[in-house]
Amino acid sequence: MSQLRVRFAPSPTGYLHIGGARTALFNYLLARKEQGCFVLRIEDTDVARSTEQSVEAILQAMQWLGLSCDEGPYYQSQRFPLYRDKVQAMLASGGAYRCYCTAEELEAKRQLAEQQKRKPKYDGTCRNRSEVPAGSPYVVRFHTPREGETCFADRIKGTICFQNQELDDLILQRSDGTPTYNFVVVVDDAEMGINLVIRGDDHINNTPRQILLYQALGYAVPEFAHVPMILGADQKRLSKRHGATSVMAYRDLGYLPEAMVNYLVRLGWSHGDQEIFSMEELIEMFSLDQVGRSAGVFNPEKLLWLNSHYIKTGDPQRLGDLLRDYLAALGHRCDDGPEPAEVVKTLQDRCKTMVEMAEQAVYYYRREVVFDAQAEAKFLTSAQQPVFAATLEQLSALNNWTAGGVEDALGRVMEETGLKFGKIAQPLRVALTGNTVSPSICEVMAVMGRDRSLARISRAAARLA
RNA sequence: GUCCCUAUCGUCUAGCCUGGCCCAGGACACCGGCCUUUCACGCCGGCGACGGGGGUUCGAAUCCCCCUGGGGACGCCA
């Protein structure tokens with residue numbers, strides 16, 4: 001059997017969204033699994049709406065997700081001569097014809113059809129037009145067969161058939177000479193040797209017309225796999241109304257790419273009861289056979305859970321590097337402060353996003369503690385004088401500055417003051433972090449270091465009121 | 001309106017092809033408890049679904065039909 005060739009073909013009219021990313025992921029996984037070829041093609045035939053920034057954004061998002069392609073990116077805007085030739089061939093063979101109907105006329109017909117509750121469909125006025133209005137602008141339409149039916153065996157949905165009479169004569173070339181999607185997608189998929197088209201199921205209706213086009217152009221028809229849509233919480237097609245739909249927006253929100261990949265793949269695909277998949281496992285296990293047929297609702301909560309899972313189990317060194325960036329976004333530098341990787345170790349169990357982690361790591365890197373007013377009022381009172389005095393005494397004498405060493409020292413403070421651990425931990429926590437919430441204060445001190453810890457406790461002791 | 005797709009807990013899903021192991025399993029969320037140095041994590045437990053109606057069969061979540069619900073397409077967008 002010949003090598004599998006799949007493709008992802010986004011149109012650069014915006015960022016890479018959740019749905020597109022999943023389609024790209026499925027293509028990528030299958031290509032890797034079958035040792036096939038993953039082609040990236042930019043569908044920018046709509047010159048007016050396509051932008052360079054969108055191309056950049058899509059490329060960047062794919063890279064972030066780790067979806068590298070084997071060929072491309074190809075740009076359709078650079079292949080116009082090819083399409084023009086194919087249109088000419090279609091015209092010459094009688095497979096296509098010029099249509100002089102104006103956009104206004106068509107719009108009027110469409111509205112009329114809708115009023116009469118008919119399917120709005122081109123009526124074929126110009127099919128057999130004899131007089132040719134010289135100099136008038138025209139589009140080129142596909143001469144769609146009206147008899148018979150067109151069927152295909154969808155790899156996900158099963159066999160799907162359409163009566164050809166339901167199809168209308170779609171436009172292959174606009175009046176400005178540029179080709180349209182349904183035409184170029186066929187020409188390119190065929191010319192690029194794509195033998196399996198994986199795409200959203202909103203394309204199912206286009207498929208029979210495209211099949212007819214493949215045949216009219218003398219190309220082999222590829223296989224199709226239509227992936228179900230992703231819906232918002234209200235069961236409507238996912239859109240900006242549902243919150244962040246841009247893949248990269250999730251990076252900015254503190255999500256890890258592996259969480260996004262894992263979430264996306266499980267939305268519509270499953271492997272028994274398994275929930276957590278590494279990219280390597282996915283490449284090994286992914287199969288179109290296990291892709292569901294019905295639309296799925298995007299569930300941000302589950303994505304968040306996966307993210308927390310990957311933060312929890314992630315390599316501290318790598319997370320530390322990322323933490324630097326998120327901290328920087330908050331306006332904090334890590335140069336003079338504890339190693340980010342060490343900070344990560346104290347925080348990775350308690351954060352669901354990297355943004356959260358950065359927010360909780362800020363006190364490690366601030367020069368001075370910023371006290372939460374309520375926390376200060378409650379825990380930094382003169383009544384704590386003995387606790388601070390004893391703690392300072394024990395800690396100053398401590399040689400073994402580790403979490404364990406600090407804990408032992410605080411144990412001696414407990415003996416000295418007769419207080420329970422909880423009673424001395426909270427005031428110290430406020431002294432060290434400015435707040436009442438943090439990791440174990442022993443760990444915090446170990447990571448923060450002797451000098452900074454002692455300085456903060458002293459400073460807090462001095463302002464007990 | 002026409003055509004196409006689709007239907008298991010609130011959500012993602014396993015099971016369906018090859019009926020009995022399913023008075024339906026897992027995960028997220030939610031609720032309760034335990035742990036505890038605050039907050040989390042973790043652990044234990046709970047809540048919760050085969051859309052409806054007809055068949056076929058000894059037996060149906062699983063097979064067939066109808067209905068209903070949901071989604072999509074119907075562009076000189078892709």
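Residue numbers start from 1 in every chain, and the chains themselves are labelled A, B, ... in the order their sequence lines are given, proteins ahead of strands.
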J.: For A:Glu43, what residues pass the side-chain hydrogen bond (donor to acceptor under 3.5 Å, both in side chains) criterion, not counting sequence neighbours?
T.: A:Arg41, A:Gln76

J.: Which parts of nucleotides 30-53 of chain B does protein reach within less than 4.0 Å, heavy atoms only, written one letter per nucleotide 5' to 3' as B for base, S for sugar-phosphate only and - for none?
T.: -------BBBBSS-----------

J.: Provide the Watson-Crick or G-U wobble partner of B:C74, both distances under 3.5 Å; none if there is no partner.
T.: B:G1

J.: Looking at residues 161-171 of chain A, who's got a heavy atom less than 4.0 Å off RNA chain B?
T.: A:Cys161, A:Phe162, A:Glu166, A:Ile171

J.: Base, sugar-phosphate alone, or nothing: which one does A:Val297 contact when heavy atoms must sit under 4.0 Å apart?
T.: sugar-phosphate

J.: Ignoring hydrogens and angles, does a donor from either the side chain of A:Glu275 or the base of B:G26 sit under 3.5 Å from an acceptor on the other?
T.: yes

J.: Residues in side-chain hydrogen bond (donor to acceptor under 3.5 Å, both in side chains) with A:Thr51, at least two apart?
T.: A:Ser54

J.: Between the side-chain atoms of A:Asp273 and the base atoms of B:G25, is any donor-acceptor pair under 3.5 Å?
T.: yes

J.: In whole Å, measure the gap between the P atoms of B:A49 and B:G72 for me.
T.: 28 Å

J.: With the side chain of A:Lys302 defined as its heavy atoms from C-beta on, choose the nearest nucleotide among B:A73, B:A27, B:U13.
T.: B:A27

J.: So if I take every side-chain heavy atom of A:Ile204 and compare against B:C5, B:A14, B:A78, which nucleotide ends up nearest?
T.: B:C5

J.: Does A:Arg141 count as lying over the ring of A:Tyr97, i.e. NZ or CZ under 6.0 Å from the six-ring centre, within 45 degrees of the axis?
T.: no

J.: By side-chain hydrogen bond (donor to acceptor under 3.5 Å, both in side chains), which residues pair with A:Gln348, not counting sequence neighbours?
T.: none

J.: Would one find a side-chain N or O of A:Lys236 under 4.0 angstrom from OP1 or OP2 of B:G71?
T.: yes

J.: Once you apply a heavy-atom cut-off of 4.0 Å, does A:His203 come out as touching a base, just sugar-phosphate, or nothing?
T.: base

J.: Nearest to the A:Arg293 side chain among B:U6, B:C76, B:U13, which nucleotide is it?
T.: B:U6

J.: With rounding to whole Å, what would you report as the distance between B:A7 and B:G52 at their C1' atoms?
T.: 12 Å

J.: So, is A:Arg110 close to the B:C76 phosphate, meaning a side-chain N or O under 4.0 Å from OP1 or OP2?
T.: yes

J.: My understanding is that a pair needs two contacts under 3.5 Å, Watson-Crick or G-U wobble. By that rule, which nucleotide pairs with B:G32?
T.: B:C44

J.: Please pick, from B:A78, B:C4, B:G71, the nucleotide with the shortest atom-to-atom distance to any side-chain atom of A:Thr180.
T.: B:A78

J.: Could you check whether A:Glu147 and A:Gln165, counting side-chain N and O atoms only, form a donor-acceptor pair closer than 3.5 Å?
T.: no

J.: Apply ring pair (Phe, Tyr, Trp, His ring centres under 6.0 Å) to A:Tyr255 and list each qualifying residue two or more places apart in sequence or on a separate chain.
T.: A:Tyr250

